[in-house]
Amino acid sequence: MPTLTSAPRDASFPMADCALCGKPVLTYVALDDAGAERRICVHCDTAVAENLKWVSPGELEQAGYYFGPPPAESEKGGCSTGCGSCGVKKS
Ligand SMILES: [Zn+2]
């Protein structure tokens, strides 16, 4: 079983500064041609610097991201405010 080195817990999200977007962005892991892990900006698919900041869901929302699926006009289940945190239907 491989040893994970960077993810403290699954309640944290990796953000890093993207030079192209000019702001801290959420990142994901992709493999380059050599099979090495790279951090990629979710917005522009550019590799970002490795100085990751692991943020909580609350911090992520403060940065402008929704935690969970994005609110869709046709799929609001019981919460009419579009708050992005009411994932459970109460009906
Ligand atoms: Zn970017």
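Every number for a ligand or one of its atoms is a count from 1 in the order of the listing.
Side-chain contact between Val29 and Arg38: absent, with no pair of heavy atoms (C-beta onward) separated by less than 4.5 Å. With a 4.5 Å cut-off on side-chain heavy atoms, His43 and Cys18 do not count as touching. Side-chain contact between Phe13 and Leu52 is absent, with no heavy atoms from C-beta onward closer than 4.5 Å.
Looking at residues two or more places apart in sequence or on another chain, you find no side-chain contact (heavy atoms from CB on, under 4.5 Å) involving Ala19.
In terms of heavy-atom proximity, Ala34 sits nearest to Asp32 at N-OD1, 2.9 Å.
Below the 2.8 Å limit, the Zn ion (ligand 1) has as protein N, O or S neighbours Cys18 SG, Cys21 SG, Cys41 SG, Cys44 SG.
Side chain of Glu59 to backbone of Ser56: a donor-acceptor contact under 3.5 angstrom is found.
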